[in-house]
Amino acid sequence: MKTIIEPFRIKTVEPIYMSSREERARWIEEAYYNLFALDAERVLIDLLTDSGTAAMSSRQWAALMQGDESYAGSPSFDRFEEAVRRLMPFRFIIPTHQGRAAEKILFSIAGGPGKVIPSNTHFDTTRANIEFTGAEAVDLPIEEASYPELEHPFKGNMDVGRLEELIRRLGPERVPLCMLTVTNNSGGGQPVSMANIRAVSEVCHRYGVPLFLDACRFAENAYFIKLREPGYADRSVLEIVREMFSYADGCTMSAKKDGLANIGGWLALNDEAWAQQARTLLILTEGFPTYGGLAGRDLEAIAVGLEEVIDEDYLRYRIASTQYVGRHLIEAGVPIVRPVGGHAVYLDARAMLPHIPPLQYPGQALAVELYVHGGVRGCEIGTVMFGRQSDGSEKPARMDLVRLAIPRRVYTQSHMDYVIEVVVEVYERRHQLRGMRIVWEPPVLRHFTARFAYR
Ligand SMILES: *Cc1c(COP(=O)(O)O)cnc(C)c1O
């Protein structure tokens, strides 16, 4: 069967304004060619992020009504805790308002000057929270991850040899914990194999270093294991998820990804002394331990989302629709990062637009053109985002990409067909695209607010 049929019916609809090319050209000019400055209502298909953008199910909306907003001892917390523990059987489950709040608390306890925290690849908020404490964040992806065109079933894996070498060189006392991001977001949404999780865990535990999963896309990762790793085809996703977490000592989680919720997160761990400290910090910055930074109704929505996200019909549709977009773009000759990951397709703007040098922002030029041409909003991940150096100079990022992140359960296959058409049409007239320049930028995180003009 070629058609990906969405394993759900649509009960509530949100109209999309069918803008014209002329309108979009005017709006993006008014926004100084920054896609973050656009009103979301002026976007036809919004692929800026898959974070917090999922559609909730009728069961989740119904669960909101059961939210108990008691300050302490809310039964909504019990339901949340039970749903988390069914998948991630850690002793202490600490709710937070989103993933980065869990990171902030974890690294306030474990980080600090002189400490080094390895990962396959740290997500940017994780890295920022580690560095904020004075600790160092080190990425140890496998060698294959450096080649965008190279196919590998588990390109998110960590280089276990380099991990062991790092722990030996520094001594385990300087490595308070090791992270493993599943799937590896910054590496293109690439999965990590069970064999790799197990091997990383073995090395960590041999030296007494706890292993934490950055678990944001745990269900997508588990489904890739089922599809690609020998021995897992007949295991249920629930069993695979439990096995993944059985090798870890804790995790940080953003419910805005595989929680199928619009807000939320948690820190889960086994160590009692760390859990005590974490709850103390939680009360300072997030809230009482039975609600964290959330309302009781949010905890209910997450509890139901965690049941739905491991549904294999859902995961088959989810992964198939991302692969579908990637496969059609590859067939049309569009350069993309390979293989296609779980939550996004990354267009290789530098390869597509060789006539635009990196310091004229090929990723930005492509992202703007996708919007003007078809109302599709993606996100530049390249020289605009990473080019400004701390000494004030500017240099090309490692790659110039445009990420098309697919929200969960929001768009149908015909929306994806439309996205493919838009990208292919822009690709066919790629020689007409012009470079851009920045006319104003803030001192840090310039991609959110910078103003652009055409060269
Ligand atoms: C989104 C994300 C986070 C941070 O979660 P927030 O809920 O956005 O704070 C951390 N790690 C990874 C891999 C993520 O994708």
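Every heavy atom of this structure was used, including side-chain atoms; hydrogens, water molecules and symmetry mates were not. When a residue number appears, it is its place in the shown sequence, counting from 1. Atoms within each ligand, like the ligands themselves, are counted from 1 in listed order.
- For the pairing with Val376, the side chain to side chain contact (heavy atoms under 4.5 Å, CB included) check across Val43, Leu47, Val402, Asp46 returns one residue only, Leu47.
- The protein atom (non-hydrogen) at minimum distance from atom 7 (O) of ligand 1 is Ser254 OG, 2.7 Å.
- Of the heavy atoms in Lys256, only side-chain atoms (C-beta onward) come closer than 4.0 Å to ligand 1.
- Of all atoms in ligand 1, numbered sequentially from 1 with element shown, those under 4.0 Å from a heavy atom of Glu103 are 10 (C), 11 (N).
- Heavy-atom contacts of Thr181 reach the following atoms of ligand 1: 13 (C) (cutoff under 4.0 Å).
- When only non-hydrogen protein atoms are considered, atom 4 (C) of ligand 1 lies nearest to Thr125 OG1, 3.6 Å.
- Aromatic pair Phe8/Tyr314: ring centres not closer than 6.0 Å.
- Within ligand 1, counting atoms from 1 as listed, the ones closer than 4.0 Å to a heavy atom of Asn185 are 13 (C), 14 (C), 15 (O).
- Counting protein heavy atoms only, atom 8 (O) of ligand 1 is closest to Arg100 NH2, 2.9 Å.
- Residues Glu394 and Arg446 are paired through a salt bridge, judged by an N-O separation under 4.0 Å between the basic side chain and the carboxylate.
- When hydrogens are left out, the protein atom nearest atom 11 (N) of ligand 1 is Asp214 OD2, 2.7 Å; that is the closest non-hydrogen contact.
- Ring centroids of Trp266 and Phe80 are separated by less than 6.0 Å, placing the two rings close together.
- Looking only at distances, a side-chain donor or acceptor of Glu239 sits under 3.5 Å from a matching main-chain atom of Ser236.
- Taking any N or O of Thr183, backbone or side chain, none lies under 3.5 Å from an N or O belonging to ligand 1.
- For an aromatic pair to be called close, the ring centres must be under 6.0 Å apart, and Phe452 with Tyr32 fails this.
- No side-chain donor from either of Glu220 and His343 sits under 3.5 Å from a side-chain acceptor of the other.
- In terms of N/O distances under 3.5 Å, ligand 1 is not approached by Phe123.
- Taking the centre of each ring, Tyr291 and Tyr71 come in below the 6.0 Å mark.
- The nearest protein atom to atom 2 (C) of ligand 1, hydrogens excluded, is given as Lys257 NZ, 2.4 Å; this is a heavy-atom distance.
- The contact set between ligand 1 and Cys216, taken as ligand atoms under 4.0 Å from a residue heavy atom, comprises 2 (C), 3 (C), 10 (C), 11 (N), 12 (C), 14 (C).
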